[in-house]
Amino acid sequence: MDNSIHKEHYDRMHEKLTQNKSYAKRMVRIRSKTVEPVIGTLVNFLNMKRVNTRGIKASNKHVLMASLVYNLQKYLRFIVKKPSILAQAIALPEGIIYASLKSVSVVINNSVLSASSLRMLCKN
């Protein structure tokens, strides 16, 4: 790297990695799990192989939009969806022997059976 304002940080990290091999291996594994999948997704799926804009401002906008899309996709995976079906347990009248599950469904008017209701049906 050329001289930059962070050169002393780069040099310190390079020294730390060359002196401690187990630390270097651990850092490589962490980087391969966290950073490289993000870069691979940006390059392969979000059009970051080549930035076809002119100027630094337009390039920054392109990179920011790609990273925004990546973060939104990741965020949408974590949204919990509420179930659209409400399950209810119902009590069936005792003493009635049901011939088949088809007649049971007619009796309970398309309600969802609980496990205890099914056990009660199997016993009769």
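These numbers were taken from a predicted model, which means no experiment stands behind them.
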So for atom NE2, which belongs to His9, do other residues, nucleotides or ligands contribute more than 12 heavy atoms lying within a distance under 6.0 Å?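 Counting other residues, nucleotides and ligands, NE2 of His9 exceeds 12 neighbours.
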
Which pairs pass salt bridge (charged side-chain N to carboxylate O under 4.0 Å, His left out) with one or both residues in [range], sequence neighbours excluded?
range: residues 11-30; answer: Lys7-Asp11
range: residues 66-77; answer: none
range: residues 36-57; answer: Arg31-Glu36

In chain order, what residues pass the side chain to side chain donor-acceptor pair (under 3.5 Å) check against [X], with sequence neighbours excluded?
X: Ser67; answer: none
X: Ser59; answer: Thr53
X: Ser22; answer: Asn20

Residues which pass side chain to side chain contact (heavy atoms under 4.5 Å, CB included) with Val63, listed by chain and number, not counting sequence neighbours: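 Met48.
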
Could you work out, with side chain to side chain contact (heavy atoms under 4.5 Å, CB included) as the rule, every residue matching Ile39, not counting sequence neighbours?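 Listed in chain order: Val35, Val43.
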
Can you tell if the side chain of Tyr10 reaches within under 4.5 Å of the side chain of His6, non-hydrogen atoms only?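 When only atoms from C-beta onward are counted, His6 and Tyr10 do touch, with a gap below 4.5 Å.
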
Shared-cluster residues of Ile56, by chain and number - hydrophobic side chains joined below 4.5 Å: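 Grouped by the 4.5 Å side-chain rule, Ile56 forms a cluster of one, so the answer is none.
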
Considering only Ile, Leu, Val, Met, Phe, Trp and Tyr, and joining two whenever side-chain heavy atoms are under 4.5 Å apart, list the other residues clustered with Met65.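 Once heavy-atom contacts under 4.5 Å are chained together, Met65 belongs with Leu68, Leu72.
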
When rounded to the nearest 0.5 angstrom, what is the spacing between OH in Tyr70 and CG in Leu46?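 Nearest 0.5 Å value for the OH-CG distance: 9.0 Å.
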
At what distance, to the nearest 0.5 angstrom, does NE2 of His14 lie from CD of Gln19?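 Between atom NE2 of His14 and atom CD of Gln19 there are 10.5 Å.
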
Where do Ser32 and Pro37 come nearest, in terms of heavy atoms and distance?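 Smallest interatomic distance, heavy atoms only, reads O-CD, 3.3 Å.
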
